[in-house]
Peer 1: 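Okay, here's the structure, questions in a sec.
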Amino acid sequence: MSEANHLLTVWNPYYCADALDQHITILLDWGERALQNGAKEEDVYVWWAKVRSPRRPSPLDHMEQILALNEQIAAGVETHLYVTDYQSLYVGWLAGIVCDNLRGMESEKDHLPSYYREASWPVDCWMKLRDIRCIVAHDTTEACREMGGLLNTRYDDKPVSIYGGMVDVPLIVRQKRPRTWFAGREEVTGGRIWARADAEHRGESSRLAKELRENLFGKEIWHGMEPETRRFLSAGEAVYRARREDPRFDFSPVVVEYAKAVETELHALLFPPIARKLADAPAAKRIITSDKRPEIDLAAHDRHETIGSIQHLLKNSTIFKDAVRAALPRHAVWLLERLPSEVNDLRRYRNPAAHDQMLARADVDPIRADVLGIGCEGLIVRIVKAKGVG
């Protein structure tokens, strides 16, 4: 994945106490219309405004660089707008940046939060977001740590700091570790926007994140996980703990969240080092073809693979097995000989076809123990350690 530029800005509760919620609500409404065939996928978006401070009468001096991101977006590069209030951090999927007067456009009024339409603040630019995901919620320390993975291009590529570093936002940033946030929507959310998946687990899952970090995994392992992994584990645990005494509850969604967490970690463990190892390899050693599955170029693969797909590659693809041995020699025996059988239950219950029958808590408990590490070293911990953490 080539390096790309992104944006980081701040939302100010002074302008609107529920600013972020208003943006997400518009996305959720349009997302529902698209699911019900009342709208096209390209109609699912919301505008985020860069409101100009009354203390700064002139335009941003780096506006030309901000607008240049439109070329990157047009080239098909997933481009992000990171937004924070210093307690939380969200990431939006940028679809374009304009300086037009959107308040005067009838066609855009349903894509603008009401507080933009009702106010007269000057706006430097409008940023069109196709989706929004939560990275960290209500945890300043974690939000600062995640923002440290963004490099301020106008400040000698130094990590972003909220103390003295948030000047002339939006900042133009690069990711210390290039990554996508919105690939794999079909495999992970069933085609729904990420904002919808996040909305279903707000509140209690944020509290559970701190509980898991402080009282189960520890900070080092927790920070070694992918942000998505932490969200999936917290969401699964929130549902499990809320319904654990309900004998009639179907725990299938809980196992699905655990499975998403494991496959996210496996993806991070396997594909980046393989891509680096095979960057200059001939096609015969890096491209996996199949009549039933999309082609995989191991030198440039960022599509989210389900746990079933990863298990299949580890068991059946000679090209993939050779790549694992070359890129991860210390862990190859475990990955190729033992891991495929260790994820059998997760793979089975991750399959939507398995949800025709109710999954009881007694079925879930052994899976939960193995994934989280209750009474043992859990699967998540083993994968995180294989990534070089701990």
Side-chain angles (χ1 to χ4, degrees), residues 1-2 76 78 177-191 224-226 228-229 232 255-354 367 370-371 378-389:
M1 188 191 306
S2 60
E78 186 181 294
R177 179 169 69 89
R179 58 165 303 151
T180 61
W181 286 102
F182 297 94
R185 208 159 63 174
E186 189 64 39
E187 294 83 2
V188 180
T189 71
M225 296 179 197
E226 303 301 299
E228 300 98 318
T229 301
F232 293 141
V255 177
V256 169
E257 295 299 321
Y258 296 151
K260 290 177 184 177
V262 171
E263 68 196 21
T264 299
E265 283 304 300
L266 284 175
H267 198 283
L269 168 64
L270 293 165
F271 288 97
I274 287 175
R276 291 191 294 269
K277 191 71 176 181
L278 301 184
D280 299 318
K285 291 190 175 184
R286 60 180 173 79
I287 296 181
I288 302 172
T289 58
S290 169
D291 294 337
K292 299 181 180 179
R293 301 167 186 268
E295 177 181 285
I296 296 176
D297 183 349
L298 293 176
H301 184 64
D302 59 8
R303 186 178 68 246
H304 185 97
E305 297 290 344
T306 66
I307 201 163
S309 298
I310 294 172
Q311 184 193 51
H312 174 81
L313 291 169
L314 290 169
K315 290 175 64 176
N316 302 308
S317 171
T318 300
I319 292 176
F320 195 74
K321 288 192 280 190
D322 289 344
V324 169
R325 293 187 186 99
L328 297 156
R330 289 180 54 204
H331 307 290
V333 172
W334 171 55
L335 288 167
L336 298 174
E337 298 181 13
R338 297 195 295 274
L339 182 69
S341 62
E342 291 177 9
V343 299
N344 264 335
D345 285 343
L346 284 172
R347 188 262 311 158
R348 183 167 70 252
Y349 293 127
R350 176 75 163 92
N351 186 344
I367 298 172
D370 185 52
V371 170
L379 184 55
I380 287 289
V381 171
R382 281 179 280 156
I383 298 172
V384 172
K385 286 184 175 180
K387 288 162 55 179
V389 177

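Every heavy atom of this structure was used, including side-chain atoms; hydrogens, water molecules and symmetry mates were not. Index from 1, following the sequence.
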Peer 1: State whether the side chain of Lys387 and the backbone N or O of Gly224 hold a donor-acceptor pair below 3.5 Å, judged by distance alone.
Peer 2: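 Checking the backbone N and O of Gly224 against the side chain of Lys387, a donor-acceptor pair under 3.5 Å is found.
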
Peer 1: Taking C-beta and beyond as the side chain, do Leu269 and Leu328 meet within less than 4.5 Å on heavy atoms?
Peer 2: yes

Peer 1: Please examine the side chains of Tyr349 and Ile307, heavy atoms only from C-beta on, and report whether any two atoms are closer than 4.5 Å.
Peer 2: no

Peer 1: With side chains defined as the heavy atoms from C-beta onward, is the minimum distance between Leu379 and Val343 less than 4.5 Å?
Peer 2: yes

Peer 1: My understanding is that only residues two or more places apart in sequence, or in another chain, count here; which of them pass salt bridge (charged side-chain N to carboxylate O under 4.0 Å, His left out) with Arg303?
Peer 2: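 Arg303 satisfies salt bridge (charged side-chain N to carboxylate O under 4.0 Å, His left out) with Glu305 once adjacent residues are dropped.
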
Peer 1: Taking only residues two or more places apart in sequence, or in another chain, which ones meet Glu337 in a side-chain contact (heavy atoms from CB on, under 4.5 Å)?
Peer 2: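 side-chain contact (heavy atoms from CB on, under 4.5 Å) list for Glu337, sorted by chain: Val333.
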
Peer 1: Minimum heavy-atom separation for Arg382 to Trp334, with atom names?
Peer 2: NH1-NE1, 3.9 Å

Peer 1: Write down the atom of Leu298, the atom of Ala323, and the distance for their closest heavy-atom approach.
Peer 2: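 That would be CD1-CB, 4.0 Å.
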
Peer 1: side-chain contact (heavy atoms from CB on, under 4.5 Å) with Arg330: which residues, sequence neighbours excluded?
Peer 2: none

Peer 1: Test of understanding: with side-chain contact (heavy atoms from CB on, under 4.5 Å), list the residues that count as partners of Lys277, not counting sequence neighbours.
Peer 2: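 side-chain contact (heavy atoms from CB on, under 4.5 Å) list for Lys277, sorted by chain: Ala326, Ala327.
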
Peer 1: Under the side chain to side chain donor-acceptor pair (under 3.5 Å) test, which residues partner Thr229, sequence neighbours left out?
Peer 2: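 Checked Thr229 against side chain to side chain donor-acceptor pair (under 3.5 Å); matches are Glu265.
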
Peer 1: Applying salt bridge (charged side-chain N to carboxylate O under 4.0 Å, His left out), name anything that partners Arg177, two or more places apart in sequence or on another chain.
Peer 2: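 Expected list: Glu226.
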
Peer 1: State which residues pass side chain to side chain donor-acceptor pair (under 3.5 Å) with His331; sequence neighbours excluded, sorted by chain then number.
Peer 2: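 Per chain and number, His331 pairs via side chain to side chain donor-acceptor pair (under 3.5 Å) with no residue.
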
Peer 1: Applying the side chain to side chain donor-acceptor pair (under 3.5 Å) test to Glu228, which of Arg179, Lys260, His304 qualifies?
Peer 2: Arg179

Peer 1: Tell me, please, which residues at least two apart from His301 pass ring pair (Phe, Tyr, Trp, His ring centres under 6.0 Å).
Peer 2: His267, Phe271

Peer 1: Sequence neighbours excluded and cut-off under 3.5 Å, please list the side-chain donor-acceptor pairs for residues 311-320, or say none.
Peer 2:
{"unit_1": "Gln311", "atom_1": "OE1", "unit_2": "Arg347", "atom_2": "NE", "d": "3.1"}
{"unit_1": "Gln311", "atom_1": "NE2", "unit_2": "Pro340", "atom_2": "O", "d": "2.7"}
{"unit_1": "Gln311", "atom_1": "NE2", "unit_2": "Asn344", "atom_2": "OD1", "d": "2.8"}
{"unit_1": "His312", "atom_1": "ND1", "unit_2": "Asn316", "atom_2": "ND2", "d": "3.0"}
{"unit_1": "Asn316", "atom_1": "ND2", "unit_2": "His312", "atom_2": "O", "d": "3.4"}
{"unit_1": "Ser317", "atom_1": "OG", "unit_2": "Phe320", "atom_2": "N", "d": "3.1"}

Peer 1: Identify the two heavy atoms, one from Ala279 and one from Ala299, that lie closest to each other, and give their separation to 0.1 Å.
Peer 2: CA-CB, 4.2 Å

Peer 1: Minimum heavy-atom separation for Ala268 and Pro273, please, with both atom names.
Peer 2: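 Between these two residues, the closest heavy atoms are O-CD, 4.2 Å.
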
Peer 1: Mind checking side-chain contact (heavy atoms from CB on, under 4.5 Å) for Ala259 and listing every partner two or more places apart, or none if nothing turns up?
Peer 2: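 Ala259 satisfies side-chain contact (heavy atoms from CB on, under 4.5 Å) with Leu346, Arg350 only.
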
Peer 1: Could you pull out all donor-acceptor pairs under 3.5 Å where a side-chain atom in residues 281-289 meets a protein atom, sequence neighbours excluded?
Peer 2:
{"unit_1": "Arg286", "atom_1": "NE", "unit_2": "Ala281", "atom_2": "O", "d": "2.9"}
{"unit_1": "Arg286", "atom_1": "NH1", "unit_2": "Asp297", "atom_2": "OD1", "d": "2.9"}
{"unit_1": "Arg286", "atom_1": "NH1", "unit_2": "Asp297", "atom_2": "OD2", "d": "2.7"}

